[in-house]
Amino acid sequence: MRSMRAKTWAAALALLQSLPALAQPAAPVRIEVQANASGPKINRDIFGQFAEHLGTGIYGGVWVGPDSPIPNVRGIRSDVVQALRAIKVPNVRWPGGCFADEYHWREGIGPAAKRPARLNASWGGVIEPNSFGTHEFMDFVDQLGADVFLSVNVGSGTVQEGADWLEYLTANKPTSLEKERVANGHPAPYKIKYLGLGNENWACGGAMSADHYVEEMKRYAHYMRNLNPAQTGEGAMKRVAVGWDSGNDDYTEAVMKAWKNKNWAWDIEGVSLHGYTIPNTWEKKGPSVGFGEDEYAKGIKATLKMKEWIAKQTAIMDRYDPEKKLGLYVDEWGIWVDPNPGSNPSFLQQQNTIPDAVIAALNLDLFMRNADRIHGTNIAQMVNVLQAMILTDGPKMLLTPTYHVYRMYVPFHDAIGVPVSFDAGTYAHGDINLPRVDAIAARDKSGKLWLALVNVDPNRATKVSAALAGVKATYAKGEILTAAAVDAHNSFESANDVAPKPFSGRASGGQLQFDLPPKAIAVVEVR
Ligand code: AHR
């Protein structure tokens, strides 16, 4: 009888210890905000998007055609545009991804009925109708108020094809290509802010060695001429060469070495990095919904690899470019998990959960912290693909937890970083130990001070106190995104389960106190 009671107590104790939320409150975290100091400018292009001809990323998600019963403007769905305008999308990278290196721009201009139907060999061999081409994309970004990030076909295209595309888009003198653009309805030359010189050319972009890519890239960098007279000086088009990917670091080294020794005939303004968050293995990445804390912790652990990747990439760039003339563009990133059961596996459709929002916030914080080198990033992908902002199903549309982070982070666009220091504490699960809290601060263009806080711990709330050098704080108000279930998400049946709520801190003695619930992202204006 006695030993039975002892066993029951031991079992109860073990259970309590396995429930840290109930057993041990998290230690408070103290943040020092150097409100009277300035860091680098946070380029708004850090909040860029990526839209590839992949699954329903374009067809269905953005383009429904002018005859669709789904409300649209010239074929582009209005609900999606309205939602994206609210997150102030700075630029959209298009048409790929792998698709960019099989895309031939001429097939996507002129009368819709005459455009050829091709196979999208990169993504499931489905029909690519070419109804969404150059002019439709330019109309889309114009409706968003965003800039253009075009990826030119280096893998299966030619230098001449790429040069013609640039002339078609940007010429303001009456060349045949300029006249063709005018005849197709756009007299004014377009602006192209970024030109990606290929995409992952070590693999889907032509399986090129780094040295081979560099020789190709130099030709593209020379001949891709932007002829728009409005794009000179500060506003000149920026060329982004293909750089590092998780598992492949020779491209950046080769590109930077060539750049260091370049002659007058070519130049670039940036190098790319692609890095996806894979919670498990490439073969079995893990579910996007219906998981517990194990998958949560693995996902956060996997996403923190981005810090090492950026450190490695910037170390290479710093060796050849200590003055930081070139930008690092993380032009594909995000969590990549198994496709939704029953969906076409080539369409890369996945649900989006509260951990995805934590992952988005941690990465955006990291990019902002490295804003002296990182001039832009593009999350993969904007609608219906991978870590999407928006999911659609016919006429239905929902905003994902990741979308809400992008909306809450708008004050950081083009803001000036403010240094913060803190001891993050530890979130432990099994043998995984991770920083428990993250924080970033910046002053927006009107001088307002903003603070973003993340509580990574999915079980334990945490108290955060913030001391602001040079400011006797009296006010901290904004929004918080959190949810009870570890895989909480929005569905077409219940689209607002995960949505931001008002949130505020308490001021006391010139400092601010915050109570952050588990797995939460908060953004507040501080006065
Ligand atoms: O975003 C999906 C794919 O991931 C892109 O097409 C490719 O560049 C990367 O491998």
Side-chain angles (χ1 to χ4, degrees), residues 48-59 61-62 91-103 119-126 128 132 137 149-157 194-208 213 217 240-249 251-252 270-279 281-283 285 288 302-303 305-306 309 313 329-340 343-350 352 356 359-360 363 376-391 400 402:
Q49 297 288 333
F50 171 34
E52 179 166 12
H53 287 233
L54 192 177
T56 54
I58 296 289
Y59 296 108
V62 169
N91 74 77
V92 184
R93 180 172 179 257
W94 176 85
C98 294
F99 182 77
D101 279 305
E102 61 170 279
Y103 183 62
L119 291 182
N120 184 332
S122 291
W123 300 112
V126 296
E128 164 56 59
F132 189 89
F137 173 68
F149 188 150
L150 279 189
S151 290
V152 71
N153 182 342
V154 171
S156 69
Y194 296 110
L195 188 72
L197 306 176
N199 172 79
E200 299 192 359
N201 298 89
W202 61 84
C204 65
M208 301 175 194
Y213 171 73
M217 181 274 291
V240 181
V242 170
W244 205 78
D245 168 72
S246 32
N248 174 328
D249 58 4
Y251 262 53
T252 305
V271 181
S272 75
L273 183 164
H274 287 185
Y276 284 98
T277 296
I278 313 289
T281 60
W282 265 105
E283 294 68 36
K285 301 180 184 76
S288 67
T303 215
K305 284 187 191 154
M306 182 62 89
W309 298 338
Q313 177 95 339
Y329 291 86
V330 188
D331 57 12
E332 282 188 32
W333 67 277
I335 182 163
W336 188 332
V337 283
D338 295 338
N340 290 338
S343 66
N344 182 332
S346 302
F347 283 13
L348 311 185
Q349 278 173 1
Q350 59 191 49
N352 193 286
D356 296 10
I359 283 170
N363 280 285
T377 89
N378 301 79
I379 189 167
Q381 299 192 7
M382 190 167 60
V383 185
N384 289 337
V385 177
L386 300 177
Q387 190 173 354
M389 307 297 111
I390 290 174
L391 301 178
T400 66
T402 299

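Start at 1 and go down the list; that is how both ligands and their atoms are numbered. This one's a predicted model, so the numbers in the text were calculated from it and none came from an experiment.
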>> Under a 3.5 Å distance rule, please check whether D101 uses its side chain to pair with a backbone N or O of V154 as donor and acceptor.
In response: yes
> ligand 1 versus V385, non-hydrogen atoms closer than 4.0 Å: side chain, backbone, both, neither?
Replying inline: neither
> Taking the side chain from E102 and the backbone from N120, do they hold a donor-acceptor pair closer than 3.5 Å?
Replying inline: no
>> Please report the interatomic distance CE(M217) to CG(L197), rounded to the nearest 0.5 Å.
In response: 7.0 Å
> Taking S288 for the side chain and N352 for the main chain, is one N or O donor matched with an acceptor at less than 3.5 Å?
Replying inline: no
> Which ligand 1 atoms does Q381 reach within 4.0 Å, using its non-hydrogen atoms?
Replying inline: 1 (O), 2 (C)
> Which residue holds the protein heavy atom closest to atom 3 (C) of ligand 1, what is that atom called, and what is the gap in Å?
Replying inline: W123 CZ2, 3.6 Å
> How far does CG of N384 sit from OG1 of T56, to the nearest 0.5 angstrom?
Replying inline: 3.5 Å
> Looking at W336, which atoms of ligand 1 are within less than 4.0 Å of one of its heavy atoms?
Replying inline: 4 (O)
>> With a 4.0 Å cut-off on N to O distance, would you call E52 and R93 a salt bridge?
In response: no
>> With rounding to the nearest 0.5 angstrom, report the NE2 to CZ distance, H274 to F50.
In response: 7.0 Å
> Among all protein non-hydrogen atoms, which one is nearest to atom 1 (O) of ligand 1, and what is the separation to 0.1 Å?
Replying inline: Y276 OH, 2.7 Å
>> Which residue and atom name correspond to the protein heavy atom nearest atom 6 (O) of ligand 1, and how close is it?
In response: E52 OE1, 2.7 Å
> Identify the closest protein heavy atom to atom 7 (C) of ligand 1: which residue and atom is it, and at what distance?
Replying inline: E332 OE1, 3.3 Å
> Numbering the atoms of ligand 1 from 1, which are under 4.0 Å from a heavy atom of F50?
Replying inline: 1 (O)
>> Within ligand 1, which atoms have a heavy atom of E200 less than 4.0 Å away?
In response: 7 (C), 8 (O), 9 (C), 10 (O)
